[in-house]
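Every chain is numbered from 1, with letters handed out A, B, ... down the list of sequences.
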Amino acid sequence: MKNTFLQAIKLSLACLILLSGIYTLLIFGIAQAAPNHGKGEVVSANGKTYYANIGQSFTSDKYFNSRPSAVAYNAAGSGGSNKGPSNSEYLAEVQKRIDTILILNPDMKRSAIPADLVTASGSGLDPHISVLAAKFQIKRIAKARNIKVNQLETLIENHTEKALLGLFGPEKINVLELNIALDKLK
Amino acid sequence: MNTEILGIIIVFVLTVALAIPLGKYIARVYRGEKTITDVIFNPIEKILFRFCGINPAEEMGWKQHLKVLLTINFVWFLLSMFVLMCQGWLPLNPDNNPGMTADLAFNTAISFVVNCNLQHYSGETGLSYFGQLFLMFLQFVSAATGLAAAAILFNALKERTTEKLGNFYVYFLKSLTRILLPLSIIVATLLAFNGTPMTFEGKQKMVTLQGESVDVSTGTVAAFTAIKHIGTNGGGFFGANSAHPLENPNYFTNMVELAAQMIVPFAMIFALGFYLNRKKLSLMIFGVMTVGFLLLAVPTVMAEMNANPALTRMGIDTSMGATEGKEVRFGAAASGFWSIATTVISTGSVNSMHDSAMPISGLMQLLAMMVNCFYGGCGVGLLNFYIFIILSVFISGLMVGRTPEFLGKKIEAREMKIAMVIALLHTLLILSGTALSTALPELGASTLNNPGFHGFSEILYEFTSSSANNGSGYEGLGDNNPWWNITTGVVLLLSRFLPIIGPIAIAGILASKKHVPESAGTLKTDTSTFGLMVFAVIFIIAALSFFPALALGPIAEYFSLA
């Protein structure tokens, strides 16, 4: 028994070095060749850098707004609302979001509100919105920025991320990149 | 065809296609034949065995196997308690996260040792990088424990009479070096090149475009996320697990992570066929599991794509399906599909929040974990399925009046008793835990995030996930307190080790019995008829055990919502 214990301890320590040590360092080494040396992808604009994949809170009229977030886009944490589909408190909250959105976008109909704009994501840091959600906000932004609607339509078209290889997965738009491009529009 | 549907079909098909050659390779590894990884790992393994004083040529009986397996798991538990409680002052803690409380450390240590990864903490604030890297070690070794247990089963199923079933340390170490490590390196590399961070720099400051300042948690995510899936562990680096945009940055990584969690369980089924040279047996097992999997996955994908009827009634555009708790980059179909893949296989990682899933999806996720043997976790899925094979052999043997035999060995009362105990243990743990927590509202109901039927589902899910060693959760549940930490910790321990001990004991006892050559009177176990029989046994046990509880939770919620 004592021998078994000793073997178990020695094997555990050896594996600890192999797995937590060597494996980690190997992947760390490989990651140095990856974009931004494995520190997460970034985008730069006006001398500032942002994480491309971390969603940001956009609430201003002049920007394409992002989805509601259960963690207020605080990337030091993450998580969803975890509200069940039949929870009456939750349904009242969604109803309130719909009402607010209709006030903010007076030219748009209720039936055009895409579901992702009134529901929180799983991570609370979703960097994307659906194409429908971007199109929904065109009229409001055109008014707030005093630019033409068709300019915004082209912008959305240029920033729509197609399905992988054109075949797999949904279409979507990275809100941050869209808004950076929006700031550059004259 | 819809690109969302196409996306999940291609992942499934590709994974099966890759799993067949991988299964062949795994069979060679466990048979001790030459493989392409010998060049690198033969010398390393030799050094390790010499350092540990292990003689790899020494064969063990089933009792010796279990003794060694349990001893090394106990060592890991002690080590984990130390690291988790002391991580505050251990190195690699750039975010200054504190050590865990005793009950949380107890739960976390057990849950990573048993390959479950039920996480009652959030990675961003609950763990130092040292803690994360240590848990990563547990993700490797717990998966290797499961695989080694399956390798013992493979060995015992060979048609001969013996007490000697190979060497545990060899199976264990080879599972690590020849299977888990190479696959993890491939997956981690793919993730790192797609934007998953691999850094030691801690939280980063960022000022948003609107001018707010936020901290962004990063870390050694790529290495961690790879083994979390390859080892079917499922514990996330971040609180949001694979819904987090750094842990799972795009649709491609989502496909990689889905394939990564399915591939080893798939390959193990094929490995069994190659190992025993009984490919039809593999096909029977894979067929039963796949039918079961699809029966769970298809309704879930449909329910998620059809959206929440309560939201549709509000008059908004729900054409993209249910979106609460889901990421736009994955969409409803891939989220629904993942939620079943992660629950049939005991991964428990999530790319959407199950607590917000539709009632039908919740029902299917629960059923997937209640059955717990459609594919199943690394190695242990097959052990669970083996129990159902034994039960089916016995029942169908009685039905057609033949001696119950499996692979040339007679199944008698002792083996049947063990199989029954193991089959009923899962039910006992889930239902008694749920009943107790429901009966004590100050401990159970007070921690819920949702009222009514869904609240009951939160309790049921937590115990089902624990007992299936799955680790996903209805995360709304306030589970970081002594009640949940200790009760689920105990359930985890029992539901991990007894279902390893039971099948190995049966296999070991059968291996030492006299071999009965196949004759005209032998019940064939590699046919679709027998497959149907196994499926029926699984279905009847699950339905009889769990239907009343499911009726109170997701089924009732479904009717209240429709």
Side-chain angles (χ1 to χ4, degrees), chain A residues 4-5 7-12 14-16 19-20 24 27-28 30-31 34 38-41 50-51 53-54 56 58 60 74-80 82-87 91 98 110-116 119 121-123 125-130 163-164 167-170 172 179, chain B residues 3-4 6-7 48 52 54 68 71-72 75 124 133 137 140 188-189 192-193 195 197-199 208-209 214-218 222-223 238-240 243-246 249 251-252 308 310 315-318 320 323-329 331 352-353 355-356 358 449-450 454 475-476 557 560-561:
Chain A
T4 313
F5 238 110
Q7 286 173 338
I9 291 170
K10 280 184 173 173
L11 187 59
S12 302
C15 290
L16 194 59
L19 303 168
S20 295
T24 310
I27 303 301
F28 182 73
I30 293 172
K39 292 178 190 172
E41 281 174 22
Y50 311 99
Y51 283 95
N53 290 321
I54 295 288
Q56 299 185 2
F58 286 105
S60 152
N74 174 8
S78 58
N82 290 311
K83 297 290 186 200
S86 60
N87 186 332
L91 294 173
I98 294 175
R110 172 184 281 258
S111 61
I113 301 175
D116 60 326
T119 51
S121 63
S123 62
L125 306 171
D126 195 344
H128 296 100
I129 51 174
S130 64
L164 184 65
L167 289 173
F168 311 123
K172 61 209 178 288
N179 281 330
Chain B
T3 53
E4 289 196 45
L6 217 52
L48 284 181
C52 305
I54 292 166
V68 171
T71 308
I72 199 162
V75 169
E124 291 93 332
L133 290 176
F137 157 77
F140 271 106
T189 307
F193 277 85
M198 186 66 202
T199 162
T208 68
L209 194 59
V214 291
D215 285 339
V216 178
S217 284
T218 60
F238 299 113
H244 196 290
L246 291 181
Y251 198 80
F252 175 71
N308 184 349
I316 61 171
D317 181 351
T318 51
M320 57 192 295
T323 49
E324 182 69 39
K326 293 192 182 55
E327 305 288 296
V328 171
R329 63 189 180 284
S352 68
M353 293 301 134
D355 213 345
S356 300
M358 294 303 104
N449 190 41
N450 288 285
H454 194 88
E475 292 301 333
E557 191 186 11
S560 74
L561 199 60

Against chain A, label [X] side chain, backbone, both or neither, depending on which of its atoms sit under 4.5 Å from a heavy atom there.
X        : result
B/Glu324 : both
B/Asn308 : side chain
B/Val75  : side chain
B/Leu209 : both
B/Ile54  : both
B/Val214 : side chain
B/Met320 : side chain
B/His454 : side chain
B/Thr218 : side chain

Contact origin within A/Leu164 toward chain B - heavy atom pairs under 4.5 Å: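 For A/Leu164, the contact with chain B is made by the side chain alone.
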Side chain / backbone / both / neither for A/Leu16 at chain B, heavy atoms under 4.5 Å: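 Both backbone and side chain of A/Leu16 come within 4.5 Å of chain B.
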Spacing of [atom1] belonging to [X] relative to [atom2] belonging to [Y], to within rounding of 0.5 Å:
X        : Y        : atom1 : atom2 : answer
B/Ser356 : A/Asn87  : OG    : CG    : 9.5 Å
B/Asp355 : B/Asn450 : CG    : CG    : 5.5 Å
A/Leu19  : A/Ser12  : CG    : OG    : 10.5 Å
A/Lys10  : B/Cys52  : NZ    : SG    : 7.0 Å
A/Ile27  : B/Thr189 : CD1   : OG1   : 4.5 Å

Using a cut-off of under 4.5 Å on heavy-atom pairs, state which of [options] scores highest against chain B.
options                              : result
A/Gly77, A/Gly79, A/Ala31, A/Pro114  : A/Gly77
A/Glu41, A/Lys39, A/Lys83, A/His128  : A/Lys83
A/Ser121, A/Pro85, A/Ser130          : A/Pro85
A/Ser111, A/Gly80, A/Ala76, A/Pro127 : A/Ala76
A/Ala112, A/Ala8, A/Gly122           : A/Gly122
A/Leu125, A/Asp116, A/Asn82          : A/Asn82

For the pair A/Ser78 (side chain) and B/Ala240 (backbone), establish whether a donor and an acceptor sit closer than 3.5 Å, ignoring hydrogens and angles.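 Answer holds: yes.
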Would you find a donor on one side and an acceptor on the other, under 3.5 Å apart, between the side chain of A/Ser20 and the backbone of B/Leu133?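 Between the backbone of B/Leu133 and the side chain of A/Ser20 there is a qualifying donor-acceptor contact (under 3.5 Å).
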Closest-packed option against chain A by number of heavy-atom pairs under 4.5 Å, given [options]:
options                                : answer
B/Val68, B/Thr199, B/Ile316            : B/Ile316
B/Glu557, B/Glu124, B/Glu475, B/Met358 : B/Glu124
B/Glu327, B/Met353, B/His244           : B/Glu327
B/Thr323, B/Val216, B/Asn449           : B/Thr323
B/Ser217, B/Ala192, B/Ser560           : B/Ser217

[X] to [Y] - nearest heavy-atom pair and separation:
X        : Y        : answer
B/Gly195 : A/Asn53  : O-ND2, 4.2 Å
A/Ala163 : A/Leu167 : CB-N, 4.0 Å
B/Gly7   : B/Tyr251 : CA-OH, 3.5 Å

Please test B/Met198 against A/Thr24 for side-chain contact (heavy atoms from CB on, under 4.5 Å), starting from the C-alpha separation and ending with a verdict. CA-CA 9 Å; B/Met198 186 66 202; A/Thr24 310; 3.7 Å; yes
Apply side-chain contact (heavy atoms from CB on, under 4.5 Å) to the pair A/Asp126 and B/Arg329, showing each step before the final yes or no. CA-CA 8 Å; A/Asp126 195 344; B/Arg329 63 189 180 284; 3.9 Å; yes
Between B/Thr208 and A/Phe58, does a side-chain contact (heavy atoms from CB on, under 4.5 Å) hold up when you go through it step by step? CA-CA 9 Å; B/Thr208 68; A/Phe58 286 105; over 6 Å; no
